[in-house]
Amino acid sequence: MTKITPQPGIMEIALYVGGAAHVEGVSDVVKLSSNENPFGPSPAASEAARRATYELHRYPATDHAGLRAAIGEIHDIDPDQVICGVGSDEVLQFIAQSYAGPGDEVIYTEHGFSMYPILAHACGATPVKVAEKDRVVDVDAILAACNDKTRIVFIANPANPTGTMIDLDECARLANGLPEGALLVLDGAYAEFEQGYDGGASLVASRCNVIMTRTFSKIHGLGGLRIGWGYAPRDIIDVLNRVRQPFNLSTVQLAAAEAAVRDTGYTEKCRAENERLRGWLAEALARHGVKTDVSHTNFILARFADAAEADACDAYLKSQGLIVRKVGGYGLPNCLRITVGDEPACRRVAHAVGQFREGAE
Ligand SMILES: Cc1ncc(COP(=O)(O)O)c(C=O)c1O
C-alpha cells in the first residue's frame, strides 16, 4: 500500500519541547522553566473564570467583543483591529497560515522563539535563520537576508530566551526596510515587563506592514487558560479572522482575560515585583561569577563558561528541586534560562548557584 504523506514541511517540524515540571525523587520543587507568573492570576480573573462556569452550556461569543473592548480601552487601541486566539501561539499561526506558503521565506533570528520555524514549516514555507549580535536582534542582518520571497519576519521584543530587546526606532527601521509584501510581526509576549513600552502598538497604528502579538500567559498569569491577541491593520485582521475558528475561545477564557486586562493595579504590582526580584537575582548571580545580559522580561539568561558547566549547574539545581530551562536548542548551550520566581524561589536559586560555584572552585 502507498504511504499516505503529509503536506510539505510537516515532517521537518521538530516537536516543541515545553519546560519540565517534575524531578524524579525530589518533592519540594519550584518550576522556573516556563516564564510563568509566580503570583498567579489576578483574583478578579479567577473569580470571573469561576462565575463563567455557570454558563458552560452556552456557546461563547464568536466576536470576542467584550474582551476586545477591554483590550482596546486599556491599551488605547481600536478594538476592531484586535484578534484573539488560543494563546498568542494561535495568533502567530493565523499569521503564518494566511501570509506564507510553499516557495516563501519566513525570517526569524538566531536565538528566536522556537515556534517561528515550526510555524513556517507547518505552512510549507522555508524558515530562514538570521544571526544576532551578542544575543541581540540585528536589524541590518535581517534586512540583508530579505529578498522577494520574504513574507514574514518574526521577532520577539523583548526576546525569549535572551531577555534582550531593541528600541522602537530600530523596530521602525526594520519595518521601513522590508521588501514590499513582507510583514513584520512584533511578538510582545513579554512587553508588559518593560515599563513604558507599548509592544510596538504605535508602529502598527502608523504602518500597513506591522502586527503586534500579546499574551495572557506571562504577566497576567493565565498560561493554563491559553489566551492571546494580536493588533494589526484592519485589512490584516479581516484576513486572520477568516482562518480563525468561530468558537476558538471558551466562555471561561474570555471572562478571565477580560477581568485580567482590566485589573491594571494587579498587572502593575506584578511588573514592579518582577523588576525588583530580577535585579536582585542578577546581582546575586553576578556575585557568584555568573554573567547575565540586562533582562527586559520575567527571566534571566545565565551564562556559564561552557556547555559542560551549564549542564552541571542545571543538574545541581535539579537536585535542589529547582527546575530551570536548558537552551542548547536555541543555540545557547552554555546558558540556562531562569524564570524570576517569588522571593523565596529567587533566594533558593541564588543560594544553590552559589553552592554550585563554590563546589566548582
Ligand atoms: C516569545 C514568545 N512568544 C509567544 C509565546 C506563546 O505564548 P502563548 O502562551 O500566548 O501561546 C511564548 C511563550 O513562551 C513566548 O516566549
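Keep in mind it's a predicted model, so treat the numbers as computed, not measured. For ligands, and for the atoms within them, numbers begin at 1 and follow the listed sequence. These values consider heavy atoms only, across backbone and side chains, with no hydrogens, waters or symmetry-generated copies.
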Please, which pairs that meet ring pair (Phe, Tyr, Trp, His ring centres under 6.0 Å) have at least one residue in residues 289-331, sequence neighbours excluded?
Y190-F299
side-chain hydrogen bond (donor to acceptor under 3.5 Å, both in side chains) with N176: which residues, sequence neighbours excluded?
R207
Please say which of V353, I338, I300 ends up in a side chain to side chain contact (heavy atoms under 4.5 Å, CB included) with V290.
V353
Output for ligand 1, non-hydrogen cut-off under 4.0 Å, lists G87, S88, D89, F113, A156, N160, D187, A189, Y190, T215, S217, K218, R226
Start with the C-alpha gap between R325 and S34, add the side-chain angles, then the distance that decides, and say whether side chain to side chain contact (heavy atoms under 4.5 Å, CB included) holds.
CA-CA 8 Å; R325 188 72 156 257; S34 297; 4.1 Å; yes
What residue pairs, at least two apart or across chains, pass salt bridge (charged side-chain N to carboxylate O under 4.0 Å, His left out) with a residue in residues 183-195?
E192-R214
Is the centre of the Y108 ring less than 6.0 Å from the centre of the F154 ring?
no
